[in-house]
Amino acid sequence: MKRAMNRAGKIGLGMMAAWLLAGCGALDDVSFARQLMNGLIAGRYAVRSMIDWPNFRFFEQEVGKQYSQFQKSDERTDFERAFIESFSKSYQAQGAKRDAFFNWQLAKSDDPKKSVVVANCHDKDTIFAFVIAKDGMKKKVTLIKVMQVFDEQKAQEQIRSGELAKGLI
């Protein structure tokens, strides 16, 4: 009887551990983009691993081309650190808040290896778009772009139909 109770306790403990660890799995794409943006705003260097630096485009800049000019790993590390610090300082200097982003959603995409996440910023007239490249379980952001919205209903239709993703991927 004691042996059966001990075994049942171990099984129960194992099931509880599996249940707890299930919440520690890979982030969904929306959570991934949100975590990256929050990290950039806070100036957290740890988010560097979420960016595909050689292919990264930020707003209208080809950051990846600048990054690829550096051959030494310490130069690339300095570039990554400077980019993240600069983003954080400039975002905060504008008086913008981390919670200015809302309406996070996954845009329809026909590309199974890429997804597009969008979020409104400050108001419904500004959308941030994040393109996430996927390689198995690995995810990296390749693009962050800001877009003005002139017709909210049309923008939502483009997000749902996949038209927005086609223009970004």
Side-chain angles (χ1 to χ4, degrees), residues 20-109 111 113-150 152 155-156 158-159 164-169:
L20 288 171
L21 289 174
C24 299
L27 293 173
D28 64 82
D29 294 341
V30 171
S31 298
F32 186 83
R34 184 180 288 169
Q35 185 177 40
L36 172 65
M37 195 63 189
N38 286 336
L40 286 171
I41 292 167
R44 283 190 214 108
Y45 182 62
V47 298
R48 75 191 180 284
S49 64
M50 300 172 81
I51 298 172
D52 182 0
W53 290 100
N55 300 303
F56 187 48
R57 293 177 293 147
F58 182 74
F59 295 8
E60 300 301 322
Q61 296 179 353
E62 295 284 341
V63 176
K65 286 184 181 178
Q66 297 169 13
Y67 177 83
S68 295
Q69 292 175 357
F70 299 106
Q71 300 302 312
K72 297 180 182 175
S73 77
D74 60 333
E75 293 173 331
R76 288 183 171 198
T77 298
D78 290 345
F79 181 89
E80 294 166 2
R81 189 176 312 278
F83 178 89
I84 292 167
E85 287 175 6
S86 174
F87 178 90
S88 177
K89 286 178 183 173
S90 107
Y91 187 86
Q92 292 174 14
Q94 294 176 18
K97 304 279 187 231
R98 194 180 307 171
D99 60 357
F101 291 89
F102 64 98
N103 196 24
W104 288 87
Q105 58 187 309
L106 188 62
K108 184 179 184 304
S109 171
D111 188 337
K113 293 190 177 203
K114 291 188 179 177
S115 63
V116 176
V117 173
V118 295
N120 291 90
C121 183
H122 305 297
D123 53 37
K124 292 193 175 201
D125 296 336
T126 307
I127 290 179
F128 270 62
F130 303 80
V131 174
I132 301 170
K134 303 175 201 177
D135 183 12
M137 294 298 290
K138 293 180 185 177
K139 296 179 185 182
K140 299 272 186 176
V141 170
T142 60
L143 169 73
I144 299 176
K145 185 171 184 160
V146 178
M147 296 174 286
Q148 284 298 121
V149 175
F150 298 106
E152 182 185 349
Q156 287 301 318
Q158 290 174 332
I159 290 168
L164 177 79
K166 286 178 190 169
L168 296 172
I169 293 180

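- Heavy atoms only, all atoms of each residue included: Tyr67 and Pro54 are closest at CD2-N, 3.8 Å.
- Counting only heavy atoms from C-beta outward, the side chains of Gln105 and Ile159 approach each other to under 4.5 Å.
- At distances below 3.5 Å, not a single donor-acceptor pair connects side-chain atoms of Ser88 with backbone N or O atoms of Ile84.
- Proximity of Asp78 to Phe70: side-chain heavy atoms (C-beta onward) are nowhere separated by under 4.5 Å.
- A donor and an acceptor atom, one from each side chain of Ser31 and Gln35, are nowhere located under 3.5 Å apart.
- Put simply, the side chain of Val141 reaches to within 4.5 Å of the side chain of Phe32, judged on heavy atoms.
- Proximity of Trp104 to Met37: side-chain heavy atoms (C-beta onward) are separated by under 4.5 Å at one or more points.
- Atom CG of Leu40 is separated from atom CE of Met50 by 8.5 Å, given to the nearest 0.5 angstrom.
- In this structure, Ile41 and Phe101 approach most closely via the heavy-atom pair CD1-CE1, 3.8 Å.
- Atom-to-atom distance recorded for Arg48:CZ and Leu36:CG is 13.0 Å, nearest 0.5 angstrom.
- More than 12 non-hydrogen atoms from other residues, nucleotides or ligands lie less than 6.0 angstrom from NZ of Lys134.
- For the atom pair NZ of Lys138 and CG of Asp52, the computed distance is 11.5 Å after rounding to the nearest 0.5 Å.
- Taking both residues in full, the closest heavy atoms of Lys113 and Asp111 are given as N-OD1, 2.9 Å, listed atom of the first, atom of the second, then distance.
- The line from NZ of Lys124 to NE2 of His122 is 15.5 Å long, rounded to the nearest 0.5 Å.
- In this structure the side chain of Leu106 reaches within 4.5 angstrom of the side chain of Ser115, judged on heavy atoms.
- The minimum heavy-atom distance linking Val63 with Phe58 is given by the pair CG2-CB, 3.7 Å.
- In this structure the side chain of Trp53 never reaches within 4.5 angstrom of the side chain of Lys140, judged on heavy atoms.
- How far OG1 of Thr126 is from CD of Gln148: 4.5 Å, rounded to the nearest 0.5 Å.
- At a threshold of 4.0 Å, the pair Asp29-Lys139 counts as salt-bridged, since one of the basic side-chain nitrogens sits closer than that to a carboxylate oxygen.
- Between Phe56 and Phe83, the two ring planes are perpendicular [angle over 60°; tilted spans 30° to 60°].
- Side-chain contact between Glu152 and Asp125 is absent, with no heavy-atom pair separated by less than 4.5 Å.
- We find the CD1-CG distance between Ile132 and Leu143 to be 10.5 Å, quoted to the nearest 0.5 Å.
- At least one side-chain heavy atom of Glu80 sits under 4.5 Å from a side-chain heavy atom of Tyr45.
- Here the shortest heavy-atom pairing between Ala100 and Tyr91 reads CB-OH, 3.9 Å.
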